[in-house]
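The structure appears below as structure tokens.
The figures that follow rest on heavy atoms only: side chains count, while hydrogens, waters and symmetry mates do not. Proteins come first, then strands; the chains are lettered A, B, ... in the order of their sequence lines, and each starts at number 1.
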Protein chains: 2
Amino acid sequence: MTGAVRPTSRDVARAAGVSQATVSLVLGGKWRGRVSERTASAVRATADELGYRPNLAARSLRLGRTRTALLVVPALTNEYFARLYSGAAGVAAEHGFGVVLYPSPEGVGPARDPFGSARAAIDGVIASSMAADALAGIGDVGRDGGLPLVMLDSDPSAPQGPPTVNLAVGDGIRQVTRHLLDLGHRRFAHLAADVDTWTFRVRAEAVAAELAGVPGAVLTSERCALDVAAARAAAGRALDGPGPRPTALLCDGDVLAAGACKAVRGLGLRVPDDVSVSGFDDLSLASALDPELTSVRLPAEEVGSAGMRALLELLDGGTPRPSELPVELVVRGSTARPARRRP
Amino acid sequence: MTGAVRPTSRDVARAAGVSQATVSLVLGGKWRGRVSERTASAVRATADELGYRPNLAARSLRLGRTRTALLVVPALTNEYFARLYSGAAGVAAEHGFGVVLYPSPEGVGPARDPFGSARAAIDGVIASSMAADALAGIGDVGRDGGLPLVMLDSDPSAPQGPPTVNLAVGDGIRQVTRHLLDLGHRRFAHLAADVDTWTFRVRAEAVAAELAGVPGAVLTSERCALDVAAARAAAGRALDGPGPRPTALLCDGDVLAAGACKAVRGLGLRVPDDVSVSGFDDLSLASALDPELTSVRLPAEEVGSAGMRALLELLDGGTPRPSELPVELVVRGSTARPARRRP
DNA sequence: CTGTTAGCGCTTTCAC
DNA sequence: GTGAAAGCGCTAACAG
């Protein structure tokens, strides 16, 4: 039980009877033909024995890079982002990179400076589903000479904007809408997330566009915060508004759909017999509800890994091309043919 | 649009016509009575103008501390851990610390080395709800001379173990059990998470202990993985087993309770009329379901902030006392008096 | 009040 | 094949 200070590479060198440079070479794995096999294994043995771990701060300082990426997400309450992280971390690990998660405290507002809170030194940033100006708080990100940036699930159309990796959310909404139309629905209400981000704007536009060409289709829309209670209230308004009652509630997310289901039942109606409800995201929540939600599955891991790959390319001086990943409609029990109107 | 290299404190010093030390003093906020007000503001102005940001790697190297803590959690799919993070990050920020999240990839298995993946240099570790040996993979953590460690929601009884901050999970289970007993239930099934951690062991023991003294009370138990489908299957077994059918399903978590509700309905029974179902954790899922779940609310933020405070005390050379935070039963629609047995 | 200096632990030429 | 030395950007003694 000695003082147990953390050994430095110098300590290892001394203990092994070699120079610090040799230790660095051996432990860095770049000693082929520069250090003898015997010396190398001796160094590894002593390093092991002393419990040596390189000082990351020193290494970063010397190399000028940290081999760490920051993943900025709007919230952690959603397993989509957990899967995003897995995908990104997997690819990162293959390249000797780490990923640090930074949940933007404001959810959709401007991110606070991660140098203040997730104060890790980082080489680049991956930001997902952020509001337009949400990265303003993060110094220099994406700007010329600033930190390299890749945006996920964000507006790809900015001319000089950062590289993007996107989901085909518009297509997802279109698939849901088609599915409901095919079932025979004509009176739709869109339960829209009241969040000013690209991903939700696209959804609203896609519903409207898809329904625009359908004779007899009517669409109302209610905006609400991204929680069950707000969704329930909004769905209540949609169902009890003036005009004929919608037979399909198309929701921007599974959480909203959960609220919508409660609203339907609150009015003494049934899902899906009286009103069909569709979700989006296909979280585990979609299968936890009864009936299970028809929803749109998002390839979260793939988005994460593609995002990380794009960032690595960026760090390599390349120019990653924007990409869009397909999404898939999952039909479950919450949607059905509309009931015949009773007299 | 010049080359735009990141300015160093030396660049700021040169531009402001002062020495590097003065810049450090001013920007470090410790110049009272050592640098003139005029010089100070001049330095700040140039730093601002050049867009200077201190190099954290250099600072860490110099100080020997990173002012960063690692928060190890078993999974991110759960908003409990999001709230834990908020609590910890809040206290950390007040002390100029950052928090880096590390989702242990294995969930409940041994954590992989965060120096490899979340490779941030850190001063200490807060680990929540981990299996006994789950931290073995993280070099040196908690060991003598190693990284300071605080455990949350973990066995506090180890004699030489790390400081702990715990939830009164046993008491929570006791409250649920009492609630169900008061409603008149006597035939219980415990839907237990098949995860070998302290928190779940305590739950199992608490149900058994509370029911042990009640005449006529019977308890069966089913173990299952922490997901809806597994819970549904397990609840099915509990409801359809030999012997009289339980009237109350006491679940180790809201996710399990969701599966249990589906199982009840799958048998043509109703919640809560035929079978009462209780959850635990009080996630937003509890209010998303219909009927809403009776559950136990956990003060996640407080656990996070208390954990961070304990770690700070540890870093200060102190010895934080183990603490236990109270939990609260939230009665909602999923529990009711048992139906009279029909002939 | 301000400047000079040393050194944190590491990697990387360059010389032997 | 191996060692010596320089320097990444920062802070904290110490001198002036």
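- Of the residues in residues 17-28 of chain B, those with a non-hydrogen atom less than 4.0 angstrom from any atom of DNA chain C are B/Gly17, B/Val18, B/Ser19, B/Ala21, B/Thr22.
- Between the side chains of B/Ser86 and B/Glu301, no donor-acceptor pair is found at a separation under 3.5 Å.
- Note: CZ (B/Arg38) to C1' (C/dT2) measures 14 Å, nearest angstrom.
- One atom, CZ of B/Arg65, and another, C1' of D/dT11, lie 11 Å apart when rounded to the nearest Å.
- Along DNA chain D, the nucleotide nearest B/Leu61 and the nucleotide nearest B/Arg34 are compared for position; the residue whose nucleotide lies closer to the 5' end is B/Leu61.
- One can place CZ of A/Arg10 at 8 Å from P of C/dG9, the figure rounded to the nearest angstrom.
- A/Thr39 comes within 4.0 angstrom of sugar-phosphate atoms only, judged by non-hydrogen atoms across all strands, and of no base.
- Note: CZ (B/Arg62) to C1' (D/dC10) measures 8 Å, nearest angstrom.
- Put simply, NZ on A/Lys30 is 9 Å from P on C/dT13, counting in whole angstrom units.
- We find that CG of A/Leu63 is positioned 13 Å from C1' of D/dG7, with the value rounded to whole Å.
- As a whole-Å value, the separation of B/Asp11 CG from D/dC8 P is 11 Å.
- Note that the two end axes of the helix from C/dC1-D/dG16 to C/dC16-D/dG1 enclose an angle of 50°, each drawn from 5 base pairs, rounded to 10 degrees.
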